[in-house]
Asker: 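Mind looking over this structure? Questions follow.
The analysis underlying the following values was restricted to heavy atoms, covering all of them including side chains, and did not include hydrogens, waters or symmetry mates.
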Amino acid sequence: MSKLAPAICLSLAVVFGTPPLAASAAEGGATRADAEAMVKKGVAHIKSAGDARAYGDITAKSPQFILHDLYLVVYKLDGTVVAHGANPKMVGKNLIELKDIDGKAFVKERVDLARSKGSFWQEYKFTNPENKKIEPKVMYCEKLDETVVCGGIYL
């Protein structure tokens, strides 16, 4: 790993961060139950409205898919973002190699877990855009066909 890799990972974490309303669950932000409910709502919407419309709704930050620091992200199983509720610029990008500050390839792990488990919680570290600190984050995800639908919260 080059000397620049940690700085690049941190920079990417800031760029790919959450909306400005981020607050940890302990501070009144979204909870694990909120994340599970939001992902289930997203999965149901994708099934009923179809991929194109639902991905557009998620990426357009439709109020039904945003709660405090919680938003949805949908990945193809190759790591390509097809919907992103915080940063529309991420749609179409393959993030399979993205790593957290500890070097954890969390997107790769996420799609691997989707293939093997179907639904799961994943822990990693990410920069909270509110306080610019790297904090523990947990992501709840459910596999849907050849995608994985995820929503995460800061701890």
Side-chain angles (χ1 to χ4, degrees), residues 9 12-100 104-131 134-155:
C9 290
L12 289 171
V14 170
V15 169
F16 299 152
T18 58
L21 298 175
S24 73
E27 298 168 345
T31 65
R32 285 178 182 256
D34 293 330
E36 285 188 33
M38 181 77 69
V39 168
K40 290 180 186 314
K41 187 189 307 183
V43 167
H45 186 58
I46 294 165
K47 287 178 177 178
S48 67
D51 295 353
R53 179 173 168 209
Y55 296 164
D57 290 344
I58 291 166
T59 301
K61 302 178 185 181
S62 173
Q64 66 181 333
F65 299 117
I66 301 286
L67 177 65
H68 305 295
D69 54 347
L70 173 60
Y71 59 91
L72 295 180
V73 180
V74 184
Y75 300 89
K76 289 182 184 178
L77 295 182
D78 69 355
T80 301
V81 177
V82 293
H84 199 296
N87 190 344
K89 293 178 183 176
M90 293 301 100
V91 174
K93 296 190 184 295
N94 186 303
L95 304 181
I96 198 77
E97 299 297 326
L98 187 62
K99 295 179 180 175
D100 75 0
K104 182 178 192 172
F106 61 94
V107 175
K108 181 178 184 333
E109 180 183 77
R110 191 169 295 158
V111 297
D112 289 346
L113 286 168
R115 284 187 187 103
S116 66
K117 293 189 174 204
S119 64
F120 57 92
W121 281 97
Q122 179 197 31
E123 296 181 10
Y124 61 109
K125 293 180 181 169
F126 211 69
T127 302
N128 182 328
E130 280 293 291
N131 59 25
I134 297 168
E135 297 181 343
K137 188 170 184 177
V138 293
M139 187 77 85
Y140 177 73
C141 301
E142 289 188 10
K143 182 177 184 278
L144 175 62
D145 301 321
E146 295 301 310
T147 65
V148 59
V149 181
C150 303
I153 61 168
Y154 290 95
L155 299 178

Asker: Taking ring pair (Phe, Tyr, Trp, His ring centres under 6.0 Å) as the definition, give me every residue that meets it alongside Tyr124, ordered by chain and number, with sequence neighbours left out.
Answerer: Phe106, Phe126
Asker: May I ask you to check whether over 12 heavy atoms, not counting those of Lys76, lie within 6.0 Å of atom NZ?
Answerer: no
Asker: Report the residues that fulfil side chain to side chain contact (heavy atoms under 4.5 Å, CB included) with Ala105, sequence neighbours left out, ordered by chain and then residue number.
Answerer: Lys99, Lys108
Asker: Where is the tightest heavy-atom contact between Val39 and Cys150, given as atom of each residue plus distance?
Answerer: CG2-C, 3.7 Å
Asker: Excluding sequence neighbours, so at least two apart, what forms salt bridge (Lys or Arg N to Asp or Glu O under 4.0 Å) with Lys89?
Answerer: none
Asker: First locate atom CD of Glu36, then atom OG of Ser119, and finally report the distance between them rounded to the nearest 0.5 Å.
Answerer: 8.0 Å
Asker: Which atom pair, heavy atoms only, marks the closest approach of Arg32 to Val138?
Answerer: NH2-CG1, 3.6 Å
Asker: Minimum heavy-atom separation for Tyr75 to Val111, with atom names?
Answerer: CB-CG1, 4.4 Å
Asker: Are the side chain of Arg115 and the backbone N or O of Leu77 linked by a donor-acceptor pair below 3.5 Å?
Answerer: yes
Asker: Which residue, Ile66, Val74, Val91, forms the side chain to side chain contact (heavy atoms under 4.5 Å, CB included) with Ile58?
Answerer: Val74
Asker: Once you round to the nearest 0.5 Å, how far does CG of Leu67 lie from NZ of Lys41?
Answerer: 8.0 Å
Asker: At their closest point, which heavy atom of Ile153 faces which heavy atom of Thr31, and how far apart are they?
Answerer: CD1-C, 3.5 Å
Asker: Go through the structure and list residues passing ring pair (Phe, Tyr, Trp, His ring centres under 6.0 Å) with Tyr140, not counting sequence neighbours.
Answerer: Trp121
Asker: Atom CG in Asp34, atom CG in Leu70: separation rounded to 0.5 Å?
Answerer: 6.5 Å
Asker: Suppose the criterion is salt bridge (charged side-chain N to carboxylate O under 4.0 Å, His left out): which pairs have a residue in residues 141-155, not counting sequence neighbours?
Answerer: Lys40-Glu142
Asker: Tabulate below the donor-acceptor pairs under 3.5 Å that side-chain atoms of residues 44-51 make, not counting sequence neighbours, or state none.
Answerer:
residue, atom, partner, partner atom, Å
His45, NE2, Asp57, OD2, 2.6
Ser48, OG, Ala44, O, 3.2
Ser48, OG, His45, O, 3.3

Asker: Atom NZ of Lys137 and atom CG of Asp100: how far apart are they, to the nearest 0.5 Å?
Answerer: 12.0 Å
Asker: Ignoring hydrogens and angles, tell me if any N or O in the side chain of Asn94 forms a donor-acceptor pair with the backbone of Asp78 under 3.5 Å.
Answerer: yes
Asker: Considering non-hydrogen atoms only, spot the tightest contact between Thr59 and Ala83 and give its length.
Answerer: OG1-CA, 3.2 Å
Asker: Do you know which of Glu109, Glu97, Glu123 makes salt bridge (charged side-chain N to carboxylate O under 4.0 Å, His left out) with Lys104?
Answerer: Glu109
Asker: Closest heavy-atom contact between Gln64 and Met38?
Answerer: O-SD, 3.3 Å
Asker: Output the distance between atom NZ (Lys117) and atom CG (Asp112), rounded to the nearest 0.5 Å.
Answerer: 12.0 Å
